[in-house]
Novice: 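Below is one structure. I have some questions about it.
Side chains included, hydrogens not; waters and symmetry mates left out as well; all remaining heavy atoms used.
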Amino acid sequence: MEPITELDARYSAEGATATGWAEARDTLERAETFWLATVRPDGSPHVTTLLAVWQDGALCFCTGAGEQKARNLESNQCCTLTTGTNSLEEGLDVVVEGAAERVTDSGWLKRLADAYEVKYGSDWRFEVGDDAFLNSGGDRALVFAVTPAKAFGFRKGHFSQTRWRFRPR
């Protein structure tokens, strides 16, 4: 699924071009850490760092059911995931906006568990059971997938801002 790609010239250097979705997707696939922003039931923001994998057109992450981000997503699935660099002169920051949907399908959970281990190593090996991940101690982790509704790319150095809009599935 290819999104509509648009350069926002208001926030881009003269002569800048839009970043292609393939490069942004590669950034999402290779990134080791992400920042997840959710909204608490009282409307206040919550931001935390986490690990995520790109699979089947979505950014996927896991969390304990009692953690703040899981409680926030119970009442409001809207969220953003952000990754990039903290450098001003080089790199690409990518922000993905969408709704976090629970992943409960055992086949998809198994593929995601395998993807976590391949990307992050054996310390991040999960078993699948009970429509969630189970860690080595038997603790249950809920798994969420965020299919992009909209995404932004912020190129550093020769600055540009790209917006990608996705068609609903």
Novice: Looking at every heavy atom in both Cys79 and Leu73, which two are closest together, and how far apart are they?
Specialist: CB-CD2, 4.3 Å

Novice: Applying side-chain hydrogen bond (donor to acceptor under 3.5 Å, both in side chains), name anything that partners Thr63, two or more places apart in sequence or on another chain.
Specialist: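 Counting only residues at least two positions away or on another chain, Thr63 forms a side-chain hydrogen bond (donor to acceptor under 3.5 Å, both in side chains) with Glu67, Lys69.
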
Novice: What pairs meet the ring-ring contact (aromatic ring centres under 6.0 Å, His included) rule with one or both residues in residues 85-112, with sequence neighbours excluded?
Specialist: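 Non-adjacent pairs meeting ring-ring contact (aromatic ring centres under 6.0 Å, His included): zero.
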
Novice: Step by step, work out the salt bridge (Lys or Arg N to Asp or Glu O under 4.0 Å) result for Asp42 and Arg40.
Specialist: CA-CA 5 Å; Asp42 70 2; Arg40 290 181 175 96; 5.6 Å; no

Novice: Does any part of the side chain of Phe159, heavy atoms only, come nearer than 4.5 Å to the side chain of Leu88, both counted from C-beta?
Specialist: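 Side chain of Leu88 against side chain of Phe159, heavy atoms only: contact under 4.5 Å found.
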
Novice: Verify side-chain contact (heavy atoms from CB on, under 4.5 Å) between Thr17 and Leu7, making sure each step is shown before the conclusion.
Specialist: CA-CA 7 Å; Thr17 58; Leu7 175 74; 5.8 Å; no

Novice: Quick test of your reading: applying ring-ring contact (aromatic ring centres under 6.0 Å, His included), list the pairs with at least one residue in residues 77-104, sequence neighbours left out, ordered by first then second residue.
Specialist: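 Of all non-adjacent pairs touching residues 77-104, none passes ring-ring contact (aromatic ring centres under 6.0 Å, His included).
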
Novice: When you look at Phe126 and Leu112, which way does the side-chain contact (heavy atoms from CB on, under 4.5 Å) test go after all the steps?
Specialist: CA-CA 9 Å; Phe126 295 103; Leu112 286 170; over 6 Å; no

Novice: Tell me, please, which residues at least two apart from Tyr120 pass side-chain contact (heavy atoms from CB on, under 4.5 Å).
Specialist: Glu32, Phe34, Leu51, Val53, Tyr116, Trp124

Novice: Donor-acceptor check, side chain of Ser12 to backbone of Gln161, threshold 3.5 angstrom: yes or no?
Specialist: yes

Novice: Return yes if some donor-acceptor pair links the side-chain N/O of Thr147 with the main-chain N/O of Ala58 below 3.5 Å, else return no.
Specialist: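 Not a single qualifying donor-acceptor pair exists.
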
Novice: Nearest 0.5 angstrom please: Phe152 CZ to Arg163 CZ, how far?
Specialist: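 Answer rounded to 0.5 Å: 6.0 Å.
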
Novice: Using the ring-ring contact (aromatic ring centres under 6.0 Å, His included) criterion, which residues pair with Trp21? Sequence neighbours excluded.
Specialist: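 With sequence neighbours excluded, Trp21 shows a ring-ring contact (aromatic ring centres under 6.0 Å, His included) to Trp164, Phe166, given in chain and number order.
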
Novice: Test of understanding: with ring-ring contact (aromatic ring centres under 6.0 Å, His included), list the residues that count as partners of Phe144, not counting sequence neighbours.
Specialist: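 Listed in chain order: Phe61.
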
Novice: How many angstroms lie between atom CZ of Arg30 and atom CZ of Arg25, to the nearest 0.5 angstrom?
Specialist: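 Separation between the atoms: 12.0 Å.
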
Novice: Answer yes or no: is there a donor N or O on one side and an acceptor on the other, between the side chain of Lys119 and the main chain of Ala31, under 3.5 Å?
Specialist: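 The answer is yes, because a donor-acceptor pair under 3.5 Å joins these two groups.
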
Novice: Does Arg140 have any side-chain hydrogen bond (donor to acceptor under 3.5 Å, both in side chains) partners at least two apart in sequence or in another chain, and if so, which?
Specialist: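 Partners of Arg140 under the side-chain hydrogen bond (donor to acceptor under 3.5 Å, both in side chains) test: Asp131.
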
Novice: Is a donor on one side and an acceptor on the other found under 3.5 Å between the side chain of Gln77 and the backbone of Ala100?
Specialist: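 Yes: the side chain of Gln77 pairs with the backbone of Ala100.
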
Novice: Can you name the residues that form a side-chain hydrogen bond (donor to acceptor under 3.5 Å, both in side chains) with Lys150, not counting sequence neighbours?
Specialist: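 None.
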
Novice: Does some side-chain heavy atom of Val39 sit less than 4.5 Å from a side-chain heavy atom of Pro45?
Specialist: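 A side-chain contact is absent here, since even the closest heavy-atom pair is not under 4.5 Å.
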
Novice: With sequence neighbours left out, what residues match Arg71 under side-chain contact (heavy atoms from CB on, under 4.5 Å)?
Specialist: Gln68

Novice: Taking only residues two or more places apart in sequence, or in another chain, which ones meet Asn76 in a side-chain hydrogen bond (donor to acceptor under 3.5 Å, both in side chains)?
Specialist: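 Applying side-chain hydrogen bond (donor to acceptor under 3.5 Å, both in side chains) to Asn76 gives none.
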
Novice: I need the minimum non-hydrogen distance between Ser160 and Ala16, along with the two atoms involved.
Specialist: CB-CB, 3.8 Å

Novice: Starting at OG of Ser44, measure out to CG of Asn72 and round the result to the nearest 0.5 Å.
Specialist: 7.5 Å

Novice: According to a 4.5 Å side-chain heavy-atom criterion applied to Ile, Leu, Val, Met, Phe, Trp and Tyr, with indirect links allowed, do Trp54 and Val94 form part of one hydrophobic cluster?
Specialist: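 Yes.
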
Novice: Considering non-hydrogen atoms only, spot the tightest contact between Val95 and Phe154 and give its length.
Specialist: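 Of all heavy-atom pairs spanning Val95 and Phe154, the closest is CG2-CE1, 3.9 Å.
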
Novice: Calculate, to the nearest 0.5 Å, the distance between atoms CZ and CD belonging to Arg155 and Glu90 respectively.
Specialist: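 The distance works out to 11.0 Å.
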
Novice: Under 3.5 Å, side chain of Asp93 to main-chain N/O of Thr85, donor-acceptor pair present?
Specialist: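 Yes, because the side chain of Asp93 sits within donor-acceptor range (under 3.5 Å) of the backbone of Thr85.
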
Novice: Closest heavy-atom contact between Thr162 and Ala18?
Specialist: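 For Thr162 and Ala18, the tightest heavy-atom pair comes out as OG1-CA, 3.5 Å.
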
Novice: Could you pull out all residues at least two apart from Asp123 that satisfy side-chain contact (heavy atoms from CB on, under 4.5 Å)?
Specialist: none

Novice: Check side-chain contact (heavy atoms from CB on, under 4.5 Å) between Ser122 and all other residues, then give those that pass, not counting sequence neighbours.
Specialist: Glu117

Novice: Measuring from atom CG of Leu81 to atom OG1 of Thr83, what distance do you get when rounded to the nearest 0.5 angstrom?
Specialist: 9.0 Å

Novice: Closest approach of Ala113 and Val128, non-hydrogen atoms and distance?
Specialist: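 For Ala113 and Val128, the tightest heavy-atom pair comes out as CB-CG2, 4.2 Å.
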
Novice: Let me confirm one number: the CG-CG distance from Leu36 to Leu50, rounded to the nearest 0.5 Å.
Specialist: 5.0 Å

Novice: Give a yes or no on whether the backbone of Glu2 and the side-chain of Arg167 come within a donor-acceptor separation of less than 3.5 Å.
Specialist: yes

Novice: Between Ala132 and Ala141, what is the shortest heavy-atom contact and its length?
Specialist: CB-O, 3.1 Å

